[in-house]
Amino acid sequence: MVAIYPGSFDPITTGHLDLIQRASVLFDKLIVAILRNDEKKPLFSVQERIEMLQESVTGIANVEVASFDGLLVSYAAECGASVIVRGIRAISDYEYELQMALMNRRLGPDIETVFLMAGEAHSFISSRLVKEVIRLGGNIRGLVPPSVEVRLKERLLGEH
Ligand code: PNS
């Protein structure tokens with residue numbers, strides 16, 4: 001069974017990585033798919049986000065990294081994926097996720113959305129907060145993979 005884990009991943013956090021590890025055990029193949037959407041004004045280009053994801057998932061044999069635009073259900077069908085994986089950290093995620101899952105079910109009734117709970121150690125991590133903390137000089141060690149921390153410091157603090 002092929003599953004797709006879509007998101008912005010701007011950038012990937014250890015919370016995302018935890019979810020990728022959990023999902024990779026459940027499915028034969030997991031496609032981590034980055035949405036190409038410049039309207040969200042991403043900090044990292046799609047190519048950079050692909051690289052960071054690839055660096056972080058080496059060692060998990062059944063995970064592939066890709067990008068997509070347009071409707072998620074169309075891309076999932078193109079990939080032969082029958083499952084969409086999303087992570088839920090807290091109740092606050094639920095409403096948005098429910099809305100997307102039901103819209104995706106309407107658009108692609110054959111594709112099921114499966115929610116996985118992030119490990120409690122990761123449940124407060126978000127790409128947005130990680131960027132805010134680093135911008136303000138806080139320590140983000142352990143919240144993103146080490147290579148991502150390096151890129152974030154380069155991009156936001158001008159460190160080389
Ligand atoms: O990490 P994010 O930003 O919460 O991920 C959101 C994402 C990429 C899963 C969502 O925006 C998406 O699937 N966009 C593709 C467009 C689409 O299919 N929209 C209609 C269904 S809700």
Side-chain angles (χ1 to χ4, degrees), residues 1-24 26-27 29-57 60 63-135 140 143-145 147-149 151-152 155-156:
M1 194 181 276
V2 179
I4 187 161
Y5 177 33
S8 303
F9 303 105
D10 185 40
I12 180 177
T13 67
T14 49
H16 293 128
L17 205 50
D18 174 56
L19 220 83
I20 291 170
Q21 266 150 359
R22 289 172 195 281
S24 70
L26 299 176
F27 303 102
K29 184 163 118 182
L30 180 70
I31 302 167
V32 183
I34 301 167
L35 175 67
R36 291 198 293 268
N37 179 4
D38 286 340
E39 273 170 32
K40 283 199 175 178
K41 299 222 174 351
L43 179 64
F44 292 104
S45 70
V46 171
Q47 186 51 38
E48 287 171 318
R49 283 179 275 162
I50 288 179
E51 284 166 19
M52 286 185 275
L53 270 163
Q54 273 168 344
E55 286 160 14
S56 306
V57 303
I60 318 180
V63 175
E64 270 177 26
V65 180
S67 67
F68 75 104
D69 54 17
L71 281 180
L72 172 61
V73 290
S74 309
Y75 181 66
E78 231 174 79
C79 297
S82 52
V83 172
I84 294 168
V85 174
R86 291 285 288 173
I88 293 211
R89 291 164 296 195
I91 289 286
S92 48
D93 285 335
Y94 177 76
E95 230 169 297
Y96 170 57
E97 294 299 333
L98 176 71
Q99 206 180 8
M100 281 205 298
L102 294 180
M103 180 61 84
N104 283 330
R105 181 182 286 165
R106 189 190 166 96
L107 296 169
D110 298 335
I111 301 173
E112 203 64 63
T113 299
V114 167
F115 294 110
L116 296 181
M117 305 304 146
E120 61 270 31
H122 305 285
S123 59
F124 63 95
I125 306 173
S126 71
S127 302
R128 183 182 62 80
L129 275 186
V130 163
K131 286 181 280 195
E132 182 175 314
V133 169
I134 200 163
R135 249 188 213 115
I140 56 149
L143 304 184
V144 294
S147 68
V148 175
E149 186 178 346
R151 287 193 197 231
L152 273 167
R155 184 63 45 94
L156 291 174

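Ligands are counted one by one from 1 in listed order, and the atoms in each one are counted from 1 as well.
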Open item on the list: With a 6.0 Å cut-off (strictly less than), is the heavy-atom count around CZ of R105, excluding the residue itself, greater than 12?
Closed with: no
Open item on the list: Set out, in order, the CA-CA distance, both residues' side-chain angles and the distance that settles side-chain contact (heavy atoms from CB on, under 4.5 Å) for L30 and I20, then state yes or no.
Closed with: CA-CA 8 Å; L30 180 70; I20 291 170; 4.0 Å; yes
Task: Chi angles and distances behind the side-chain contact (heavy atoms from CB on, under 4.5 Å) call for S67, R49 - done: CA-CA 9 Å; S67 67; R49 283 179 275 162; over 6 Å; no
TODO: Look up atom CG in L35 and atom CG in D69, then write down how far apart they are to the nearest 0.5 Å.
DONE: 7.5 Å
Task: Y94 OH: over 12 foreign heavy atoms closer than 6.0 Å - done: no
- [ ] Please say whether more than 12 non-hydrogen atoms of neighbouring residues, nucleotides or ligands are located less than 6.0 Å from CE in M103.
- [x] no
With the criterion set at N/O pairs under 3.5 Å, what does the list of contacts between the protein and ligand 1 look like, atom names and distances included?
{"unit_1": "ligand 1", "atom_1": "1 (O)", "unit_2": "S8", "atom_2": "N", "d": "3.1"}
{"unit_1": "ligand 1", "atom_1": "3 (O)", "unit_2": "S8", "atom_2": "OG", "d": "2.6"}
{"unit_1": "ligand 1", "atom_1": "3 (O)", "unit_2": "K40", "atom_2": "NZ", "d": "2.7"}
{"unit_1": "ligand 1", "atom_1": "4 (O)", "unit_2": "R86", "atom_2": "NH2", "d": "3.0"}
{"unit_1": "ligand 1", "atom_1": "5 (O)", "unit_2": "R86", "atom_2": "NH1", "d": "3.3"}
{"unit_1": "ligand 1", "atom_1": "18 (O)", "unit_2": "L72", "atom_2": "N", "d": "2.8"}

